[in-house]
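Take a look at the structure below.
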Amino acid sequence: MDPVIVEQLGRAHPLAAHLNDFLTDLANAGASAHTRRAYRGDLIAFAAHHGEEIGELTATPIRAYLAELADLAPASRKRKRAAIASFCKWAVRHDLLAANPMGRIDTVKVPKNLPRPAAAADVAKVLAVICSRRPRKDLPLDRLRDRVLFETAYVCGARASEVCGLHVEDLDLRLDDEHVRICGKGGSVRTVLLDDRGYVSLLKLYLTRAGYAAGPLFRASINGAAGPLSYDAAHHRWQTYCTIARVEIDIHQLRHAHATELINAGVSIEAVRRRLGHASTETTQLYTLLDDKVADTEIRAARRRRDQATR
């Protein structure tokens, strides 16, 4: 049995074995370790609240549990509800529950927060701190790696975790058809055109200096045969470069910056959605709202300048 379940609930808990079986089925279905950890934590918290047999899992205890979470952010409450819903659906499928009680539980509405893209000038400042696009021959490989890694996230609009997981085999650098294959959330795969010539040249230089013909594209600095650089390590290094550049940019804002630049350039919503790997156009459309908000701000600022000039 999962040691975390045993430690926090104990083997004798009425739901312990069922939670373990549920997590095992998730793993067999290909769910990521991150997803399984999130489900495990949320379901253990619920099981600690509901100590009855699985057959007693009705809408009443679920509703009572969710009511205790009222002070949490809507996104957190929605995630916890989703974990319980997934578990209940699994229990019905395995004849452990006669009916799914989640149909009687209201959904949690999460306000749509506008993304916060980084300014292109600020991104350029941080990248320049790492190295230039024409780096010195004596530049350490890990420094060149960092520049290519973060610029890949920027020019592809990719998540940092997606970039850290890239392999050399995901690249196709044939002239005039340069592209990269990116594995996204939920096992989705998308192809992104590499249409920035300066970036492509830097990428080829990195591959030449590193001597990588296969395997992880961005490797840990321990040795040349090391595994892929972890997201945590990449995040830490990005924050270090931002501190040196005296710029505050979260690593995820690189993706937002790219999306906003595409929208501002008139690229269609559907094209941006495919490039970023969004499952729904609703998510992509948030960038158009951001564009409108920026435009409104600029209009108001222009009006203030005009009014001040006429006083």
Side-chain angles (χ1 to χ4, degrees), residues 1-113 159-162 164-165 183-189 228 230-232 235 250-252 277-280 282-283:
M1 185 178 291
D2 188 298
V4 178
I5 294 177
V6 174
E7 179 184 354
Q8 298 191 27
L9 292 179
R11 291 180 179 273
H13 191 285
L15 295 182
H18 299 306
L19 294 185
N20 185 74
D21 291 344
F22 170 69
L23 293 172
T24 299
D25 282 353
L26 278 183
N28 292 337
S32 68
H34 175 78
T35 297
R36 300 199 305 274
R37 283 195 300 270
Y39 272 119
R40 182 179 62 192
D42 289 337
L43 290 173
I44 285 176
F46 171 69
H49 177 272
H50 177 70
E52 305 297 327
E53 295 292 338
I54 194 167
E56 302 297 321
L57 188 50
T58 64
T60 300
I62 296 173
R63 191 177 290 117
Y65 172 69
L66 294 176
E68 293 183 0
L69 307 178
D71 291 338
L72 294 181
S76 297
R77 286 188 281 116
K78 182 175 182 178
R79 190 197 71 224
K80 293 179 182 298
R81 182 193 183 283
I84 299 171
S86 183
F87 177 66
C88 288
K89 183 178 180 180
W90 171 87
V92 170
R93 194 168 65 248
H94 287 78
D95 298 323
L96 299 172
L97 277 177
N100 193 334
M102 297 306 296
R104 301 173 58 191
I105 306 296
D106 291 338
T107 58
V108 180
K109 295 183 178 180
V110 179
K112 291 183 178 179
N113 296 319
R159 301 174 181 90
S161 57
E162 294 173 341
C164 288
C183 297
K185 288 184 175 180
S188 64
V189 178
S230 69
Y231 170 82
D232 289 341
H235 185 271
D250 185 85
I251 195 170
H252 201 65
H278 288 156
S280 169
E282 291 184 6
T283 303

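In this text, all values refer to a predicted model and were calculated from it rather than measured experimentally. Computed over heavy atoms, backbone and side chain alike; hydrogens, waters and symmetry mates excluded.
His94 contributes no side-chain N or O that, together with a main-chain N or O of Leu96, makes up a donor-acceptor pair within less than 3.5 Å. Counting only distance, with no hydrogens or angles, the side chain of Arg77 and the backbone of Leu72 share a donor-acceptor pair below 3.5 Å. Of the possible polar contacts, none joining the Arg159 side chain to the Gly184 backbone as a donor-acceptor pair under 3.5 Å is found. A donor-acceptor contact shorter than 3.5 Å links the side chain of Asn20 to the backbone of Asp2. Although no hydrogens or angles enter the test, the distance criterion places no donor-acceptor pair under 3.5 Å between the side chain of His252 and the main chain of Ala160.
His50 has its ring centre less than 6.0 Å from the ring centre of Phe46.
At least one side-chain heavy atom of Trp90 sits under 4.5 Å from a side-chain heavy atom of Asp21. Within the 4.5 Å cutoff, side-chain heavy atoms of Arg81 are placed close to those of Leu66. For the pair His235 and Asp250, the minimum side-chain heavy-atom distance is below 4.5 Å. Taking 4.5 Å as the limit, some side-chain heavy atom of Cys88 sits within range of a side-chain heavy atom of Ile62.
The two atoms that bring Cys183 and Glu162 nearest to each other are O-CG, 3.6 Å, heavy atoms only. Taking both residues in full, the closest heavy atoms of Pro101 and Ile105 are given as O-CG1, 3.7 Å, listed atom of the first, atom of the second, then distance. Between Pro14 and Gly51 the shortest heavy-atom distance is CG-O, 3.2 Å. Counting all heavy atoms, side chain and backbone alike, Cys164 lies closest to Pro228 at O-CB, 3.7 Å.
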The test is side-chain contact (heavy atoms from CB on, under 4.5 Å); show your working for Tyr65 and Ile84 and say whether it passes. CA-CA 11 Å; Tyr65 172 69; Ile84 299 171; 3.8 Å; yes

Mind running side-chain contact (heavy atoms from CB on, under 4.5 Å) on Asn100 and Lys89 for me, showing each step along the way? CA-CA 6 Å; Asn100 193 334; Lys89 183 178 180 180; 4.0 Å; yes

Please assess Leu19 against Tyr39 for the test side-chain contact (heavy atoms from CB on, under 4.5 Å), listing each intermediate value before the final yes or no. CA-CA 9 Å; Leu19 294 185; Tyr39 272 119; over 6 Å; no

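Here the straight-line distance linking atom CZ of Arg36 with atom OG1 of Thr24 works out to 9.0 Å at 0.5 Å rounding. The distance from the OG atom of Ser161 to the OH atom of Tyr231 is 7.0 Å, given to the nearest 0.5 Å. Rounded to the nearest 0.5 Å, atoms CD1 (Ile54) and CD (Glu56) are 11.0 Å apart. Between the CE atom in Met1 and the CG atom in Leu9 there is a gap of 9.5 Å [rounded to 0.5 Å]. We find the OG1-CG distance between Thr58 and Leu97 to be 9.5 Å, quoted to the nearest 0.5 Å. Considering NE2 of His18 and CD1 of Ile5, their distance stands at 11.5 Å, rounded to 0.5 Å.
Under a cut-off of 6.0 angstrom, the local environment of CZ in Arg63 is crowded, with over 12 non-hydrogen atoms contributed by other residues, nucleotides or ligands.
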